[in-house]
Amino acid sequence: MRRLVPAGACLVAGALLQGCIATYVPAPDERMTTVRSVGFGRPQLCKDGQFYWAPEAPGVPDAVSVPAGRRVTLGAHMVSAGYQVTHFCRPFLSFVPEVGRSYVMNSALSGNGQCVVELVRAEPSSDTGLAVEPSVGRAECLKGK
């Protein structure tokens with residue numbers, strides 16, 4: 001049986017493995033949009049080749065704000081530990097957030113121990129209230145690393 005390590009341990013492990021990072025601070029005129037985070041792992045974003053903790057979205061529980069209008073990389077650092085086995089991974093993806101649109105990001109461990117991250121957009125006109133986000137692509141900040 002696998003147990004999840006507390007979030008504080010994930011933050012420490014992430015900081016030790018990649019160095020300390022700051023929370024993203026948007027420019028005063030920068031347009032942002034909301035991504036609700038489900039699953040586990042603290043959301044991070046990468047913009048212009050630099051990793052940041054994604055800032056909390058004001059007034060929206062379990063959500064972060066990301067820059068809108070250009071491709072950003074978003075994901076989470078995760079740690080899972082079981083009997084004599086520890087998994088550490090960082091699944092990331094990139095997408096082009098639109099101003100005024102909301103998104104949902106799920107980060108999880110699959111049954112076989114692989115890490116996954118997925119992103120959909122809020123779509124009130126659909127039966128589920130969600131739709132596939134067509135701009136999702138490979139994590140750009142991680143290329144070649």
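One-based numbering along the sequence shown. These numbers come from the heavy atoms of this one structure, side chains and all, not from hydrogens, waters or symmetry mates.
- Side-chain contact check for D62 versus S37: every heavy-atom pair is 4.5 Å or farther apart.
- Annotation: side chain of V72 is in contact with side chain of P97 (closest heavy-atom distance under 4.5 Å).
- Residues A54 and S65 share a closest heavy-atom pair of CB-O, 4.4 Å.
- Here the closest non-hydrogen pair linking V99 and A68 is CG2-CB, 3.6 Å.
- Under the 4.5 Å side-chain heavy-atom criterion for ILVMFWY residues, no single connected hydrophobic cluster contains both M32 and W53.
- A side-chain donor-acceptor contact under 3.5 Å links S94 to the backbone of R138.
- One hydrophobic cluster holds both V117 and L119 under the rule that ILVMFWY side chains link at heavy-atom gaps under 4.5 Å.
- Once rounded to the nearest 0.5 Å, the distance linking CE of M105 with CZ of F95 reads 9.0 Å.
- No side-chain heavy atom of L74 sits under 4.5 Å from any side-chain heavy atom of F92.
- Within a 6.0 Å radius of CZ in R31, no more than 12 heavy atoms belonging to other residues, nucleotides or ligands are found.
- Within the 4.5 Å cutoff, no side-chain heavy atoms of V66 are placed close to those of Y24.
- Checked for salt-bridge contact, E30 and K47 meet the test: a charged N lies under 4.0 Å from a carboxylate O.
- The closest side-chain heavy-atom distance from Y52 to C46 is not below 4.5 Å.
- For the pair P55 and L45, the tightest heavy-atom approach, listed with the atom from each and the gap, is CD-CD2, 4.2 Å.
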Exercise for review: For the pair V64 and Y103, evaluate side chain to side chain contact (heavy atoms under 4.5 Å, CB included) and give the outcome as yes or no after the intermediate values.
Suggested key: CA-CA 10 Å; V64 295; Y103 301 87; over 6 Å; no
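- For R71 (side chain) and S135 (main-chain N/O), a donor-acceptor pair under 3.5 Å exists by modelled atom type.
- One finds the CZ atom of R90 at 11.5 Å from the SG atom of C115 (value rounded to the nearest 0.5 Å).
- The side-chain hydrogen bond (donor to acceptor under 3.5 Å, both in side chains) search around S125 returns E123, not counting sequence neighbours.
- Contact record, P91 with V116: CG-O, 3.7 Å, taken as the closest heavy-atom pair.
- Applying the side-chain hydrogen bond (donor to acceptor under 3.5 Å, both in side chains) criterion to D127, with sequence neighbours excluded, gives no partner residue.
- The shortest distance between side-chain heavy atoms of R121 and T33 does not fall below 4.5 Å.
- Heavy-atom minimum distance, I21 versus Q44: CD1-NE2, 2.9 Å.
- Residue V38 shares its hydrophobic cluster (ILVMFWY side chains chained together at separations under 4.5 Å) with V104, V120, L130.
- Distance alone, capped at 3.5 Å, is enough to place a donor-acceptor pair between the T73 side chain and the E140 backbone.
- Dense packing is recorded around CD of E98, with more than 12 heavy atoms of other residues, nucleotides or ligands lying under 6.0 Å away.
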